[in-house]
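Excluded from the calculations below are hydrogen atoms, water molecules and symmetry mates; all remaining heavy atoms, backbone and side chain alike, are included. Here is how names work: the chains are called A, B, and so on, in the same order as the sequence lines, proteins then strands, and each is numbered from 1. Being a predicted model, the structure only gives us computed values, none of them experimental.
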Number of protein chains: 2
Amino acid sequence: MIDARLITLRVFARCGTIGATAELTGYSPSAVSAQLRELQRVLGMQLLTKDGRGVRLTATGRFLVAGSDALIAQWESLRAVAMEAGDQVQPRLGLGGFSSAAAQLLAPLAATLRSTRPQLEVQVLEADPARCFDLLVAERIDLAVIVAMQSDTYGEDDPRFEQRVLLDDPLDVIVPADHPLASRETATLEELASEPWITEAAGSTYHSLFTAAFTAVGLTPRIAHEAVEWETHIAFVGAGLGIGLLPRLAPLHGAENVVRLRITGKARPTRRIVVAARRGSLASPLIQESIDILQANANRILTARLEEDL
Amino acid sequence: MIDARLITLRVFARCGTIGATAELTGYSPSAVSAQLRELQRVLGMQLLTKDGRGVRLTATGRFLVAGSDALIAQWESLRAVAMEAGDQVQPRLGLGGFSSAAAQLLAPLAATLRSTRPQLEVQVLEADPARCFDLLVAERIDLAVIVAMQSDTYGEDDPRFEQRVLLDDPLDVIVPADHPLASRETATLEELASEPWITEAAGSTYHSLFTAAFTAVGLTPRIAHEAVEWETHIAFVGAGLGIGLLPRLAPLHGAENVVRLRITGKARPTRRIVVAARRGSLASPLIQESIDILQANANRILTARLEEDL
DNA sequence: TCGATCATGCACTAATTCTGCAGGGTTATC
DNA sequence: GATAACCCTGCAGAATTAGTGCATGATCGA
């Protein structure tokens, strides 16, 4: 209901280049360029200035984008409450999430919604957390399941989003099957500190989790290799290159030469998985129901783990 | 920036029929029909139901319209503040007002703006107060100069509008040139109560002013004739059909056979002339400047009258 | 200086949106 | 109870708008 061009401007405000905005919104770069030019014409405001080979928001543009947060939230809220009041049906729902979330939480959600609301068009996009926020702003998705980041660009009080905790997913350690600890069920970080480690690149979410966990016990382990996908981590570990952390939600896919151990002791790294939505949209019955389903699935996973641990 | 279809829905909420909405917004009836159908499709809400030969808002529709007041106001405010912050220029300004206001206040304003902001496209629409509010909602105009109505559909606290008093325009009495009182400068309502009167139709603004003024002094004069335009009032009076009220702002146009007298005494009917804008838009520099010019013109008129009265 | 990166303008095309008219249903009038 | 008046809607066609893909120009880093 808010002009698509304003949404485009908001996406641009986040990624800074026309090209990235185009990729994120699904338009071509020329379309984005034309939209923003048109927006400036209609509003009679100069929102962009040339900056090197790119463009940059003017002060007015930044102001407008900042102020539009409340506008978007108000619209989302209005729509949501109207939906609830009128018992109406939303025609489309976009979901986003990173790989293991997409597999373990979003897929069941989509399946449930498919059966309970057959005429609802559900679209699931696998995307990393940062991109999920971008997609939320771009209105490509309505819900995102992400790993909460402690001090990232998106605080919990961001005026654009609202978040709900789904579950705390502990990180296990994976070791080669022929590793001395492989026969154990559990291990402590202290026991593992001297091993060669495989992590994600510095600056990534899991690297931060990794270092935070070890600094909590006063250790700084050696990072031997870096990988992005869990599949790669597992392969590296299986090849004996080192050991690594693996979230409980991430499956081993029956890798024969790798063993997963629970981490015990003082420091137990976990990742917090939350669901995020555009601020104001939580009142929508469809959003609410989806979050409830996600929450139920998360709880099912948690209780299954508890039973498993007994 | 707010979707045009929502604006259309808001206009429909005011006038109740597709045809009137079309006339007010400048679309054809089929376009309005299609827009509202499309709006319902996009939102997944049923906003309208058939009602006899027309259509009617559903509860959801009314809810959405009511809630959109705040949304529109917020957008207007955001745009206005961004305009002010960025020293930008609005490309278009729409002005509306009833006949004498259009002539005496809007025309000078438009002329001033033409010279101070040559590239601004100014459009003036003459329309009665009720229609002015409709046009404000339809975003055809941005400012309306109207007669404040004591207990009309638009209270001063309407969430859609904001109003500023421009001036209180006293009502004079006009009598035929051969009337016994024609040589006088002033008259009281008591002196005039027994005359045959010419007013607007019952229910109109001026009829209300008329009866309110006389009931204040405990009299109920006889209404002999009814007229809509001031021109007609003057012609009726000139023809000796009776006497009538005429706002100070409304010119006699050199009617030779009619004399204008000031009303003195306890009850002096006046009409309050105010300028109205969509709520939130007052912060816009252009709107603000326009109101200032209107106010200055109003004051000029008032001081000119004071000098004239000396 | 060369290549890479970005944005923008242009010609063309696709999609949307509007108009005018015809048609069907509903209310008021005689 | 026929008739007229009124109101909305659907459809074909037209006009406007919006998007794509490529070419161009401008800037930055190597």
### Task
Round to the nearest Å and state the distance from A:Asp51 atom CG to D:dA26 atom P.
17 Å

#### Entry: Atom CD of A:Glu38: over 12 foreign heavy atoms under 6.0 Å
yes

### Message
Can you tell me which residue among A:Val32, A:Asp134, A:Thr8 is in a side chain to side chain contact (heavy atoms under 4.5 Å, CB included) with A:Leu24?
### Response
A:Asp134

#### Entry: Under-4.0 Å salt bridge between A:Asp69 and A:Arg10
yes

Between the protein and nucleotides 4-6 of chain C, which nitrogen or oxygen pairs are less than 3.5 angstrom apart?
residue	atom	partner	partner atom	Å
C:dT5	O4'	A:Arg53	NH1	3.4

#### Entry: Exercise: do B:Thr58 and B:Gln46 side chains pair donor with acceptor under 3.5 Å
no

### Task
Rounded to the nearest angstrom, tell me the gap between atom CZ in B:Arg37 and atom C1' in D:dC11.
10 Å

### Message
With a 4.0 Å cut-off on N to O distance, would you call B:Arg92 and B:Glu139 a salt bridge?
### Response
no

Dump every N/O contact between nucleotides 17-22 of chain D and the protein below 3.5 Å, one line per pair.
residue	atom	partner	partner atom	Å
D:dG19	OP1	A:Gln35	NE2	3.2
D:dT20	OP2	A:Ser28	N	2.7
D:dT20	OP2	A:Ser28	OG	2.7
D:dG21	N7	A:Ser30	OG	3.4
D:dG21	O6	A:Ser30	OG	3.0

### Message
Please report the distance, rounded to the nearest Å, between CD in A:Gln40 and P in C:dA7.
### Response
14 Å

### Query
Quick check, are the ring centers of A:Tyr206 and A:Trp230 under 6.0 angstrom apart?
yes

### Query
Would you find a donor on one side and an acceptor on the other, under 3.5 Å apart, between the side chain of B:His233 and the backbone of B:Ala227?
yes

### Task
Return the minimal non-hydrogen interatomic distance between B:Phe12 and B:Leu48, and the atom names on each side.
CE2-CD2, 3.6 Å

#### Entry: A:Lys50 NZ - D:dT27 C1' separation (whole Å)
10 Å

